[in-house]
There are 2 protein chains.
Amino acid sequence: MAATINDVARVAGVSISTVSYALSGKRPIGEKTRQRIESAILELQYQPNAGARALAGRRTYILAVTEPLRPDTYTPAHMAFVLAAATAARAYDYDVLLLTQDEATGGLHRVTSSRLVDGVIVLDVLAEDERAELVRSLDVPAALVGIPADTDGLVCVDLDFEAAARLAVDRLADGGHRVVGLLGHPPSVYARGSNFPLRFREAFVARAAERDLEVRLGAPERTIAGVREAVAEILGPDRDLTGLVMHCEDTIQMRALDVLCEAGLRVPQDVSVISAASTFDTSTFTPPLDVIPLIPAESCSRAVELTIAQITGTVDPRVELIPPTYVDRGSTAPRRP
Amino acid sequence: MAATINDVARVAGVSISTVSYALSGKRPIGEKTRQRIESAILELQYQPNAGARALAGRRTYILAVTEPLRPDTYTPAHMAFVLAAATAARAYDYDVLLLTQDEATGGLHRVTSSRLVDGVIVLDVLAEDERAELVRSLDVPAALVGIPADTDGLVCVDLDFEAAARLAVDRLADGGHRVVGLLGHPPSVYARGSNFPLRFREAFVARAAERDLEVRLGAPERTIAGVREAVAEILGPDRDLTGLVMHCEDTIQMRALDVLCEAGLRVPQDVSVISAASTFDTSTFTPPLDVIPLIPAESCSRAVELTIAQITGTVDPRVELIPPTYVDRGSTAPRRP
DNA sequence: CTGAAAGCGCTTACAG
DNA sequence: CTGAAAGCGCTTACAG
């Protein structure tokens, strides 16, 4: 059988409370005592029992991560967030319980009210997301990675997609480009109400209007044919488009580059291209693309931080937007006369 | 505060042991008593405390799922397995704790010896996998999805990749094809020691020899250029290849189809193509491909089943191979004279 | 700086 | 069919 705190106390010749305090560091321990306890722990390979710790300490050191992984979702990006959340949690000595699909709300309810988890990280947030409602009503420590329509009372973290869109538009406008395109996600993604594609697109259109640019929008299917069609449409019959922002999955972006190449359009000589809010590595593309990166580790570690802060204290509801950055890889150039 | 079993007992007018037994079903309860308990639970929105249940019952109803998600890994497929494992676990009222990367062995040790989990599901098993060693020495209920080199004392479940390879070869050989190719994974995947690509390739070569076929192997990089090169090589200078089996990621398969199309080769008239051990949907490809599917839900639910069987009783070590099936979508044809 | 003890909320023999 | 009670292995006031 596994060693208990009683075994450690006996071997070390101290009381179990001393062992417990030595472990938690919640009160000062004499140097010799500490050493005896440490060697006893080593000798017995003692690991505190998680259930007992949870029961007595009212903390499980587990966070629930809810990621619905809907059929239509683009797994690599979502997986990157799950992974980032798990990694961030471990940095705080928390483990991660994975809640998927149907378990979205039922599971959240179950694991919080049974005190299986101390807090919740909500990923892939929709504009109208029942998990947001639930988190609000449950009043459990939680952070959303993403911004629902109603953020009242919630703690949300996300890349500032609006700023990212403006950054991309400004880059092109500053380069003298007059006709710019946005190659976005498949139509189903927008239809689903996923919030960041919408936020990005709206800000893109708004900024382009401010900068007095002509805008063309595309929402291609993932197939080669779909991408080809959308790109052709964005380029326009006269091929007068000179600036392209891509806010979509890597396969679509790669295909779009293929299509530009086929059409004899060079990047950046003929078309300036920017990859926006991308979780993947655009430096291996042909050609490497300028990118406004979306870094899962950033938002997830902040979300974990804020959730744990709620567990140990109080945090005011807030929406934290992470400012975007621009990585230049030479895929944009001033418009040629 | 959340209601406890004491509250339920008081409201229902029974003892807490009766409530507990009513919940677990471990002893018969009078009809009226049961109803009073049920309505008390509903009224109080009672949820048993997970920590207390774990401590007293010596069961947490949590399984650890270890999936290293190495940098090189192909996320969608691996994510499909994580998802399948989580879904299968929920079907048995188990939750899933996700262990990633560095946590591979350290985390496994931690969560098992602290009794945080009742068992372990090991995904993405390498031929030489330290997690297999650990599971063996820990003697914890566990199942591996995949087959390590040394299966001694372990419970392993997987698609029968050797049989799948033979099935594919036989299909082509029976169709009169004499020169067949295997478009496999990127070189790094084989180098890593991931076991199923190796198992598949070896069985493919062996069966082709038995059937007296000429074999050409390709291990393309993921880029368009990489795929183009590998396909060209497999086709041969005389383009005498007429049968192609693809055992690789969907992007590579899609690109290979593009390359065949570019080369003016029709499927199946000029080349018969089979997608082998694929977790994705090949019916949306152009053209739709015959496939020997790899169904994560199958192996994962069996793995969960076998792990839970170990938790509640005893299971003999074993290697369970799931027989492959062939789905005909018209991408193969007899060789034309 | 350390210890004895109550208590966290369950499960499960033991008893009837 | 049901109840009283021990006990799971910790944490944390309370006391010194």
Side-chain angles (χ1 to χ4, degrees), chain A residues 1-38 40-41 44-62 93 110-116 118 311-312, chain B residues 1-38 40-41 44-62 93 110-116 118 311-312:
Chain A
M1 282 283 60
T4 71
I5 197 171
N6 285 290
D7 301 321
V8 175
R10 188 169 23 76
V11 170
V14 298
S15 74
I16 63 161
S17 56
T18 302
V19 175
S20 177
Y21 283 117
L23 247 22
S24 68
K26 287 191 181 172
R27 85 182 180 190
I29 305 288
E31 188 46 33
K32 304 174 176 174
T33 313
R34 143 161 299 125
Q35 289 184 358
R36 288 216 310 285
I37 292 175
E38 274 174 11
I41 287 176
L44 297 170
Q45 300 209 54
Y46 170 67
Q47 282 277 4
N49 178 288
R53 197 157 74 130
L55 181 55
R58 300 163 163 290
R59 283 272 255 304
T60 63
Y61 298 90
I62 301 177
D93 268 315
R110 182 171 51 78
V111 300
T112 53
S113 58
S114 66
R115 318 241 126 218
L116 217 191
D118 298 336
I311 294 168
T312 54
Chain B
M1 282 282 58
T4 71
I5 198 172
N6 285 291
D7 301 321
V8 175
R10 188 169 22 76
V11 170
V14 298
S15 74
I16 63 161
S17 56
T18 301
V19 174
S20 177
Y21 283 117
L23 246 23
S24 67
K26 287 191 180 173
R27 83 183 181 189
I29 305 288
E31 187 47 33
K32 303 173 175 173
T33 313
R34 144 162 296 124
Q35 289 184 359
R36 288 216 308 285
I37 292 175
E38 274 174 11
I41 287 175
L44 297 170
Q45 301 209 55
Y46 171 67
Q47 282 276 6
N49 178 288
R53 199 157 72 130
L55 180 56
R58 304 169 159 286
R59 283 274 254 301
T60 63
Y61 297 92
I62 301 178
D93 268 316
R110 182 171 51 79
V111 299
T112 54
S113 59
S114 66
R115 319 240 125 217
L116 218 191
D118 298 336
I311 294 168
T312 53

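As the structure is a computational prediction, the values presented were derived from the model and not from experiment. Here is the naming used below: chain letters follow the sequence lines, and residue numbers restart at 1 for every chain.
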Exercise for review: Mind calculating the distance between CG (B:L44) and C1' (C:dG9) to the nearest angstrom?
Suggested key: 15 Å
Check your understanding: Does A:Y46 make a side-chain N or O approach to OP1 or OP2 of D:dC10 shorter than 4.0 Å?
Key -> yes
Review point. Rounded to whole angstrom units, what separation is found between the CZ atom of B:R115 and the P atom of C:dC10?
Key: 21 Å
Practice item. Please state how far atom CD1 in A:I5 lies from atom C1' in C:dG3, giving the value in whole angstrom units. Key: 13 Å
Point to revise | Main-chain N/O of B:A50 paired with A:S114 side-chain donor or acceptor, under 3.5 Å | key: no
Practice item. When you get a sec, tell me which of D:dG9, C:dG3, C:dT11 is the closest nucleotide to the side chain of A:A56? Key: D:dG9
Practice item. Establish, with yes or no, whether the OP1 or OP2 oxygen of C:dC10 is under 4.0 angstrom from a side-chain nitrogen or oxygen of B:S20. Key: no
Point to revise | Check: B:A12 main-chain N/O paired with B:R36 side-chain donor or acceptor under 3.5 Å | key: yes
Point to revise | Distance test, side-chain N/O of A:S15 to OP1/OP2 of C:dT2, below 4.0 Å | key: no
**Study point:** Mate of D:dG3 where both pairing distances stay under 3.5 Å, Watson-Crick or G-U
**Key:** C:dC14
Review point. Nearest nucleotide by nearest heavy atom, which residue falls closer to the 5' end of DNA chain D, B:G13 or A:A3?
Key: B:G13
Review point. Nearest-Å distance, CG (B:D7) to P (C:dG9)?
Key: 9 Å
Practice item. Give a yes/no answer on whether the side chain of A:Y61 brings an N or O atom under 4.0 Å of OP1 or OP2 in D:dC10. Key: no
Check your understanding: Has B:T4 got a side-chain N or O lying under 4.0 Å from the OP1 or OP2 atom of C:dG9?
Key -> no
Review point. Can you check the A:L55 CG to D:dG7 C1' distance for me, whole Å?
Key: 12 Å
Exercise for review: Would you kindly compare B:R58 and B:P28 by the position of their nearest DNA chain D nucleotide and give the one closer to the 5′ end?
Suggested key: B:P28
Check your understanding: Do any side-chain nitrogens or oxygens of B:K26 fall under 4.0 Å of OP1 or OP2 in C:dT12?
Key -> yes
Revision key, fill the gap. Taken to the nearest whole Å, CD1/A:I37 to P/C:dC1 is 13 Å
**Study point:** Presence of donor-acceptor pair under 3.5 Å, side chain of A:S17 and base of C:dA5
**Key:** no
Point to revise | Spacing between A:R27 atom CZ and D:dT11 atom C1', to the nearest angstrom | key: 11 Å
Review point. Any side-chain heavy atom of B:N49 sitting closer than 4.5 Å to one from B:T4?
Key: no
Check your understanding: In whole angstroms, how far is the P atom of C:dT2 from the CD1 atom of A:I16?
Key -> 16 Å
Exercise for review: May I ask you to test the B:D7-B:Y46 pair for a side-chain heavy-atom distance under 4.5 Å?
Suggested key: no
Point to revise | B:R59 vs B:T312 side-chain heavy atoms within contact, under 4.5 Å | key: yes
Study note, to complete from the structure: The residue, B:R53 or A:T33, whose nearest nucleotide of DNA chain C is more 5′ is A:T33
